[in-house]
Amino acid sequence: MAAVATCGTGVGSTGSMVAATSKNNVTSFQRKGPRASGTDSGCSRLVSIAGTRPSVRNGQLLVSTGLPALDQLLGGGLAVGTVLLIEEDKYNIYSSLLFKYFLAEGIINGHTLLVASAKEDPADILQELPAPLLDDNYKKDFDEDVCNHQTPDSNIKMKIAWRYQLLPKIEQSGPVSSSRFGHYYDASKRMPQELIEASKWHGFFFPEKLSSTLNIEPCSLTHGYRKLLQFIQKVIYEEGFDGSNPQKKQKNILRIGIQNLGSTLWGDDICCTENCDNSHSLTKFLYVLRGLLRTSLSACIITMPTHLIQNKAIIARVTNLSDTVVGLESFIGSERETNPLYKDYHGLIHIRQIPRLNNLIYDVSDVKDLAFKLKRKLFTIEWVQDNYLRQERNIYPPGFSYLLKQKDSAWGEGSLQHSTFLMSFLAKATAFASRLVRHSEPLKQTGSGRILQAAGPRLWHDGRRQAAPGLLAVPP
Amino acid sequence: MESVLALGGLVLLRDSVEWEGRSLLKALIKKAALCGEQVHILGCEVSEDEFREGFDSSINSRLIYHDLFRDPLSWSQTGEALPGGPLGALQAMCRRTDPGPFTIALDSLSWLLLHLPCTALCQALCALSHQHSRPGGSCLAEPVRVLGLLHEELHGPGPLGALSSLAQTEVTLSGAMGQASAHILSRRPRQRPALQTQWFSILPDFSLDLQGGPLLESQPHPDPHTAPVDPTAHVTFNLHLSKKEREAKDSLTLPFQFSSEKQQALLRPGPGQATSHIFYEPDAYDDLDQDDPDDDLDV
């Protein structure tokens with residue numbers, strides 16, 4: 001009874017609870033259910049942290065990366081206590097956008113932020129965060145956009161490759177309210193100042209911490225990395241993210257963002273030379289960082305200019321030491337920009353690694369060729385072949401009808417030869433498409449281009465073997 | 001070319017043996033000096049007299065020259081040499097107090113790269129070019145421009161890549177038919193980088209003369225490797241159908257044509273259908289004889 005009285009919020013609720021128990025006083029057992037007031041977390045049983053949810057596959061606690069499309073590809077979100085490494089694109093446009101989405105998601109959910117950079121002041125980074133899309137007026141614009149995108153194609157249902165309609169489309173649901181897991185952001189607008197000021201953040205700007213005289217200490221970790229690790233450790237300890245200082249307030253997540261790790265501005269020379277003195281500095285940093293993260297309620301995003309790192313072995317080590325690795329490749333300035341396959345997209349996104357946390361299997365998505373596009377306000381990720389499959393109706397050769405309509409044709413309906421032809425044809429077409437995406441070159445046809453088949457009774461119809469009339473034109 | 005000076009930050013002038021960049025550097029310095037800015041020059045590769053040659057006295061009086069050529073290692077004890085060596089000189093330039101637009105010309109970044117560790121140089125350059133956003137102090141509206149001359153052939157891809165990622169604008173000098181051209185790649189903070197080509201020539205008094213292309217249009221494409229890839233070439237089937245062919249194709253009955261309801265039923269990812277369905281559509285060759293062939297056995 002006393003316990004009930006102290007945890008109730010108002011006198012009214014306490015009074016009603018007392019009345020209820022006195023009425024049904026059959027047993028002295030009282031059920032301790034979840035309290036009516038959610039603000040006092042000391043009494044609540046289920047501690048749920050804002051902005052997180054358990055994974056549907058293995059119950060791992062997940063946070064959103066700020067991009068619902070990326071969350072879906074990573075198996076629901078980023079696991080708490082892990083590192084998301086983003087390999088930057090050449091001009092660092094889209095990777096810095098993903099970095100900002102991550103931080104903006106933290107502000108919307110009320111998480112604490114730690115921003116570390118050697119190039120820009122963290123206060124400036126926070127000023128440039130994108131604004132969240134929360135209202136329903138944006139939903140109308142978004143729906144229009146989706147409709148315009150789909151009207152030419154969805155009217156024509158696929159006749160041959162209709163099973164591709166079963167493939168799960170990358171979900172494009174519209175903007176949602178703040179209580180859901182992932183949010184959408186408008187990259188053309190800034191986050192409102194009051195939201196930034198209401199949030200709690202710590203900044204680490206390396207040039208400020210750099211001492212004015214250049215003293216090169218002979219230690220295994222580069223000066224910059226050592227300072228950053230000390231800073232992160234201090235924040236985690238003082239704010240109690242690792243459970244050391246028992247938190248009076250509700251538990252919260254620390255979102256750490258480190259920009260341009262590995263570049264020369266951090267004092268690391270892996271981008272300058274191939275055989276550098278401190279080649280293990282970065283890998284040691286990642287190892288210690290992962291240890292700090294695993295023992296605290298935090299999630300980290302790191303952007304790294306891997307296209308500048310000269311020693312490829314370091315990239316492989318860095319990939320192994322991170323949990324989730326996503327690579328961005330933009331089409332600006334490359335020869336793929338003129339390729340008509342890619343004309344709707346701004347770049348490719350490669351999911352290089354997904355962690356196996358408390359699990360034996362990976363959680364990879366089925367599609368491998370993913371491309372991203374920065375639309376007016378939204379960042380979308382799609383399967384490249386979607387574009388190609390829309391042209392499916394042009395792939396099937398028109399002269400095929402004569403093969404079916406002949407009475408004694410080897411290619412009668414339901415025959416084995418026919419189904420073999422169809423399957424090999426479709427397999428060739430999709431393999432063709434994948435090869436295009438990977439190498440931007442059409443598949444070179446060797447040989448006469450005719451499909452060889454097993455001999456059947458009807459092939460020897462007039463005493464000599466008939467070649468399979470499969471393809472229209474002999475390739476040059 | 002105006003955009004090169006308009007944006008602040010680091011401007012990299014990449015030259016090579018065939019197309020030298022010092023004259024372009026001097027032309028840009030002259031332009032900045034004529035606008036009334038302060039110009040500091042860190043000269044490492046040529047002597048001061050040789051550098052000032054060609055400028056008239058009004059411009060010469062506005063240039064503040066820090067000489068590292070005469071005594072780079074400060075062996076002479078006279079105190080004329082700059083304290084702290086090249087890095088000290090760069091850091092001294094970071095700590096300026098007077099407002100106003102400011103241009104720093106580094107006569108050669110290659111020399112600095114060869115004498116200083118790359119990381120220290122990059123950090124100093126970043127501190128120089130981001131000087132206008134000093135924390136706690138007043139935000140200076142005028143940008144700081146750092147013009148750096150870099151000889152491409154002297155360095156490997158590592159330092160070149162590191163400096164390019166720091167640079168706001170990159171000007172690569174090349175040319176054709178005796179005419180110099182500059183490929184200018186300008187990176188604005190959150191926008192796509194813009195690439196433009198400008199043909200120019202430099203007059204004896206170091207003023208820039210912007211021109212159109214050379215007389216013979218040898219290659220309109222700056223990059224010969226970007227031939228547009230056409231995935232529909234070399235395809236063994238016909239992608240462009242005539243109207244008659246299209247009609248023939250549409251009237252084709254596909255061999256495994258399901259009825260549309262069966263197709264819809266298969267498409268709907270039904271979460272656990274209570275009963276499983278067997279769809280059977282008899283072929284032309286199917287025998288629908290209901291007799292049991294085992295009845296013929298004489299057992």
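Remember, it's a predicted structure, so these values are computed and weren't measured experimentally. In what follows, chains are A, B, ... by sequence order, proteins preceding strands, each numbered from 1.
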Which atoms of B/L185 approach chain A - backbone, side chain, both or neither, heavy atom under 4.5 Å: side chain
Part of B/S165 within contact of chain A (heavy atom distance under 4.5 Å): both
Worked check of side-chain contact (heavy atoms from CB on, under 4.5 Å) between B/C126 and A/L265: CA-CA 8 Å; B/C126 194; A/L265 297 175; 3.6 Å; yes
Segment of A/E128 engaging chain B (4.5 angstrom heavy-atom cut-off): side chain
A/K312 NZ: over 12 foreign heavy atoms closer than 6.0 Å: yes
Under 4.5 Å from any heavy atom of chain B - which part of A/D268: backbone
Side chain / backbone / both / neither for B/R192 at chain A, heavy atoms under 4.5 Å: both
Distance (rounded to the nearest 0.5 Å) between B/C122 SG and A/W266 CH2: 15.0 Å
Minimum heavy-atom distance between A/K90 and B/R187, given as atom pair plus value: O-NH2, 4.3 Å
Non-hydrogen atoms of A/C272 and B/P159 that approach each other most closely: O-CD, 3.3 Å
B/Q123 and A/P207, any side-chain heavy atoms less than 4.5 Å apart: no
Heavy-atom side-chain contact between A/I332 and B/P193 under 4.5 Å: yes
Flag side-chain contact, heavy atom, 4.5 Å: B/L163 against A/T264: no
Nearest atoms (heavy-atom pairs only) where A/Q310 meets B/P157: OE1-CG, 3.6 Å
